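Structure first, then comments.
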There are 2 protein chains.
Amino acid sequence: MGKSSTISKVAKLLNLNVETIRYYERRGLIDQPEKPLAGYREYPAQTIQRIQFIKRAKELGFTLDEIENLLRLGDTHCEDIQGIAEIKLNTIQSKITDLESLRTVLDNLIIQCRTNPDRTHCPIVESLLPESQDISN
Amino acid sequence: MGKSSTISKVAKLLNLNVETIRYYERRGLIDQPEKPLAGYREYPAQTIQRIQFIKRAKELGFTLDEIENLLRLGDTHCEDIQGIAEIKLNTIQSKITDLESLRTVLDNLIIQCRTNPDRTHCPIVESLLPESQDISN
DNA sequence: CTTGACTCTGTACCATGGTACGGACTTTAG
DNA sequence: CTAAAGTCCGTACCATGGTACAGAGTCAAG
């Protein structure tokens with residue numbers, strides 16, 4: 001037992017893979033921490049917080065590139081961060097809209113399947129096939 | 001002018017990249033068509049339909065692996081296809097739900113930003129930082 | 001006939017977000 | 001003290017869905 005925060009302890013604490021933490025370091029999202037004990041990474045609370053920041057931002061749907069920006073902006077420039085968040089909100093909204101129309105289409109097709117008496121022709125497959133198409137030229 | 005359906009004509013017709021069509025062939029989603037004229041692929045209407053099927057299914061949110069399954073099942077086994085579609089519908093639904101809660105969180109944060117008088121502390125950044133955390137083992 | 005556009009094959013590369021492994025070293029539990 | 005478990009670094013590999021060559025051959029318009 002000890003308060004030493006080695007990479008696997010941090011990984012366990014934050015429910016991440018050890019390799020993932022090293023990957024974030026390689027990617028420049030976190031600095032390499034001091035390595036006092038025979039070259040083993042010793043994570044200060046600040047770095048652990050930063051990793052947790054990354055994790056939460058990822059859960060919010062930000063990409064690692066975007067998170068890099070967020071981290072660079074730090075806790076200044078609230079407006080810039082707000083801007084990034086607004087762009088993100090827009091992309092999330094259009095993803096939702098796309099998925100909803102997708103859901104409608106798929107839902108209708110499944111209903112047609114359920115009421116389909118002819119098991120040898122599937123309404124889904126038929127909907128995917130072109131009606132008829134002029135190919136020439 | 002001509003009725004010959006070379007790869008670039010098909011690509012243009014379906015608004016796909018030539019390389020994408022060749023990629024589908026490599027991946028086994030379509031057979032290599034006959035190559036009568038000096039080894040040039042000559043696409044029969046059937047294959048063009050199949051490519052269009054792939055394209056539409058992709059627009060419906062199916063992955064290429066899933067599309068491969070759909071194509072293997074052909075136009076028989078309506079129930080099996082219905083099953084795949086239902087699974088897909090569920091994953092779409094949970095994606096929508098996830099994105100919606102994401103949107104709510106982000107939306108609230110942006111509103112906090114707008115009404116934030118202290119430009120040097122960003123509510124978004126603060127929400128991502130841990131309150132306080134016991135690190136020691 | 002020439003020249004540009006098209007096609008062929010095969011292989012390498014792109015982004016994204018990691019995961020795995022080899023070989024060496026260190027720490028820790030028993 | 002020994003053996004297992006953890007760590008190091010560097011590099012290779014994974015899935016996904018393509019995209020981009022290079023180098024050679026072919027077709028079509030003028």
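Given the structure is predicted, the values throughout are model-derived calculations rather than measurements. Residue numbers start from 1 in every chain, and the chains themselves are labelled A, B, ... in the order their sequence lines are given, proteins ahead of strands. Reckoned from all heavy atoms, side chains included, excluding hydrogens, waters and symmetry mates.
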> What's the NZ-P distance between Lys58(A) and dT16(C), to the nearest Å?
Replying inline: 14 Å

> Which of these passes side chain to side chain contact (heavy atoms under 4.5 Å, CB included) with Leu99(A): Lys95(B), Gln93(B), Glu100(B)?
Replying inline: Lys95(B)

>> I want to verify a distance call: between dG18(D), dT26(D), dT19(C), whose nearest atom is closest to the Ala38(B) side chain?
In response: dT26(D)

>> Measuring from the side chain of Thr6(B) (C-beta onward, heavy atoms only), which nucleotide among dT7(C), dG17(C), dT26(C) has the closest atom?
In response: dT7(C)

>> Without decimals, in angstroms, what is the distance between Ile54(B) CD1 and dG18(D) C1'?
In response: 14 Å

> In whole angstroms, how far is the C1' atom of dG17(D) from the CZ atom of Arg27(B)?
Replying inline: 8 Å

>> Using OP1 and OP2 only, check whether a side-chain N or O of Gln32(A) sits under 4.0 Å from dC9(D).
In response: yes

>> Checking contacts here: which listed nucleotide (dA20(C), dG18(C), dG17(D)) is nearest the side-chain heavy atoms of Glu19(A)?
In response: dA20(C)

>> Pick the closest DNA chain D nucleotide for Phe62(B) and for Arg22(B) by heavy atoms, then say which residue is nearer the 5' end.
In response: Phe62(B)

> Could you state the interatomic distance from NZ (Lys58(B)) to OH (Tyr24(B)), rounded to the nearest 0.5 Å?
Replying inline: 3.5 Å

>> Check the phosphate of dT7(D) against Ser8(A), side-chain N and O only, distance under 4.0 Å to OP1 or OP2. Yes or no?
In response: yes

>> Closest-nucleotide mapping onto DNA chain C: is Asp65(A) or Asn17(A) further toward the 5' terminus? I mean the 5' end.
In response: Asp65(A)

>> Closer than 4.0 angstrom, basic N to acidic O: yes or no for Asp65(A) and Arg27(A)?
In response: yes

> Once you round it to whole Å, what is the distance between P of dC8(D) and CD of Glu42(A)?
Replying inline: 11 Å

>> Looking at dG17(C), I'd like to know if its phosphate oxygens (OP1 or OP2) sit under 4.0 Å from a side-chain N or O belonging to Thr20(A).
In response: no

> When rounded to the nearest 0.5 angstrom, what distance separates CZ in Arg50(A) from CG in Asp31(A)?
Replying inline: 6.5 Å

> In whole Å, what is the span from the NZ atom of Lys12(A) to the P atom of dG6(D)?
Replying inline: 7 Å

> Any salt bridge between Arg41(A) and Glu34(A), counting N to O under 4.0 Å?
Replying inline: no

>> Can you tell me if Tyr40(A) touches the phosphate of dC25(C), counting only side-chain N or O atoms and a distance under 4.0 Å to OP1 or OP2?
In response: no

>> How many whole angstroms separate atom CD1 of Ile7(B) from atom P of dG18(D)?
In response: 14 Å

> Quick one: is dT7(D) close enough that its OP1 or OP2 comes under 4.0 Å of any side-chain N or O from Arg41(A)?
Replying inline: no

> Taking only N and O in the side chain of Lys9(A), is any of them less than 4.0 Å away from OP1 or OP2 of dG6(D)?
Replying inline: no

>> Looking at Arg26(B) and dT19(D), is any side-chain donor or acceptor paired with a base atom of the opposite kind under 3.5 Å?
In response: yes

> Starting at OH of Tyr23(A) and ending at P of dG10(D), how long is that distance when rounded to a whole Å?
Replying inline: 17 Å

> Contact class for Glu25(A) (heavy atom, under 4.0 Å): base, sugar-phosphate, or nothing?
Replying inline: nothing

